[in-house]
Amino acid sequence: MAVKKAAAKSTKAPKAPKAPKGESAPDYSKSPWAAAFRRKAGERKYWLLKSEPETFSFDDLMKAPAKTTGWDGVRNYAARNFMRDAMKKGDLAFYYHSSIDPQVIVGIVEVMREGYPDPTALNKKHPHFDPDSDPAAPTWIQVDVKAVERFGKPVTLSAMKARKELATMALIRIGRLSVTPVTKEEWGVILAMAKD
DNA sequence: GCCAACGTTGGC
DNA sequence: GCCAACGTTGGC
């Protein structure tokens, strides 16, 4: 399985506060990301996943078995929390190519399996093995995503930055976060840009 | 290559 | 617990 995220290059993962098995999700109501963790019954939520195309592109995903992959390699707590506690089966996410010119959203993926331990963090032989992660309560979590649609017209970062409606988008505000929430409004604006 | 925006570490 | 130093991401 390919590494989905450049952060996976980072050295040693920090010590994690380990939630005992079976403990419910933390209280995110005071978090700056609280809205991303709130969900009405039956509501679908939207996300954005970054990948360096040289490592794992949308084309790579299209060629994968069942067009599906585990989103492994994420080693950032904010991104981990979204995958562990907020992303649900049936949610949709934009697939963003970073560290390439131009940076673009190239398509859409769907969450097929909710958060479960990232096997690369538990595999001693894997470059992204995390010796501090307790196998009984793994620190790092991934979801499975499936390619749904490739945009005929990828949406560039610069085009998104030019749109007032997207000024507060997490991708624009916090460039380095590899998994970010997308509001329903932002989702609609970007979809329209892709269909122009 | 540079550097802003972070997240983490470690000295105190 | 504070915060300076350091490392990383990723756009420019």
Side-chain angles (χ1 to χ4, degrees), chain A residues 1-19 25-28 30-37 47-61 69-87 93-107 109 115 118 120-122 126-134 137-143 145 151 153-183 186 189-190 193-194:
Chain A
M1 186 57 56
V3 173
K4 302 314 179 302
K5 188 180 167 299
K9 282 189 225 131
S10 59
T11 52
K12 194 166 107 114
K15 293 225 165 57
K18 275 150 194 155
D27 175 15
Y28 290 106
K30 303 264 167 42
S31 152
W33 302 108
F37 293 92
W47 308 93
L48 182 142
L49 301 176
K50 283 192 204 174
S51 184
E52 298 188 3
E54 293 215 358
T55 304
F56 196 83
S57 68
F58 194 76
D59 276 347
D60 292 329
L61 180 57
T69 190
W71 204 254
D72 59 58
V74 173
R75 299 290 182 270
N76 169 284
Y77 285 107
R80 186 281 310 269
N81 291 347
F82 290 139
M83 292 199 291
R84 187 186 64 185
D85 300 325
M87 293 174 75
F94 288 133
Y95 197 111
Y96 177 86
H97 280 175
S98 64
S99 297
I100 190 169
D101 190 19
Q103 306 92 317
V104 282
I105 293 176
V106 287
V109 297
D118 176 345
T120 68
L122 302 171
H126 195 100
H128 308 122
F129 172 64
D130 175 9
D132 292 332
S133 176
D134 174 2
T139 304
W140 304 113
I141 298 296
Q142 65 180 13
V143 297
V145 296
F151 289 158
K153 183 187 158 200
V155 178
T156 66
L157 178 61
S158 59
M160 289 189 274
K161 285 188 164 174
R163 292 292 290 263
K164 244 193 239 123
E165 311 96 300
L166 302 180
T168 58
M169 188 177 174
L171 171 74
I172 309 294
R173 277 169 32 232
I174 309 183
R176 297 167 309 105
L177 238 196
S178 63
V179 178
T180 54
V182 174
T183 67
E186 291 159 355
V189 169
I190 291 167
M193 293 168 77

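Lettering of chains follows the sequences in order, A, B, ..., and the numbering in each one begins at 1.
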Tell me: [atom1] of [X] to [atom2] of [N], nearest whole Å?
X         : N       : atom1 : atom2 : answer
Tyr77(A)  : dT8(B)  : OH    : P     : 7 Å
Asn76(A)  : dT8(C)  : CG    : P     : 14 Å
Leu177(A) : dT9(C)  : CG    : C1'   : 10 Å
Glu54(A)  : dT9(C)  : CD    : C1'   : 15 Å
Ile100(A) : dG10(C) : CD1   : P     : 13 Å
Leu48(A)  : dT9(C)  : CG    : C1'   : 15 Å
Lys50(A)  : dG10(C) : NZ    : C1'   : 7 Å
His128(A) : dT8(C)  : NE2   : P     : 12 Å

| If you round to the nearest 0.5 Å, how far is CG of Asp85(A) from CE of Met83(A)? |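 Between Met83(A) CE and Asp85(A) CG, I get 11.0 Å after rounding to 0.5 Å.
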| query | Can you tell me how far CD1 of Ile174(A) sits from CE of Met169(A), rounded to the nearest 0.5 angstrom? | reply | 12.0 Å
| When the ring centroid of Trp140(A) is compared with that of Tyr77(A), is the distance short of 6.0 Å? | yes
| Picking from dT8(B), dG10(C), dG11(C), which would you name as closest to the side chain of Glu52(A)? |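 Nearest listed nucleotide: dG10(C).
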| task | Can you run down the salt bridge (charged side-chain N to carboxylate O under 4.0 Å, His left out) pairs that involve residues 163-174 of chain A, sequence neighbours left out, and say none if there aren't any? | result |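 Of all non-adjacent pairs touching residues 163-174 of chain A, those that pass salt bridge (charged side-chain N to carboxylate O under 4.0 Å, His left out) are Arg163(A)-Glu165(A).
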| message | Does either side chain, that of Arg75(A) or that of Thr120(A), offer a donor lying less than 3.5 Å from an acceptor on the other one? | response |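 There is such a pair (donor and acceptor under 3.5 Å, judged by atom type) between the side chains of Arg75(A) and Thr120(A).
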| said: Using 30° and 60° as the class boundaries, would you call the ring planes of Trp71(A) and Tyr95(A) parallel, tilted or perpendicular? | reply: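 It falls in the perpendicular class, over 60°.
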Could I get a table of every N or O pair under 3.5 Å where one atom is in the protein and the other is in nucleotides 2-6 of chain B?
residue, atom, partner, partner atom, Å
dA5(B), N3, Arg176(A), NE, 3.1
dC6(B), O4', Arg176(A), NH2, 2.8
dC6(B), O3', Arg176(A), NH2, 3.3

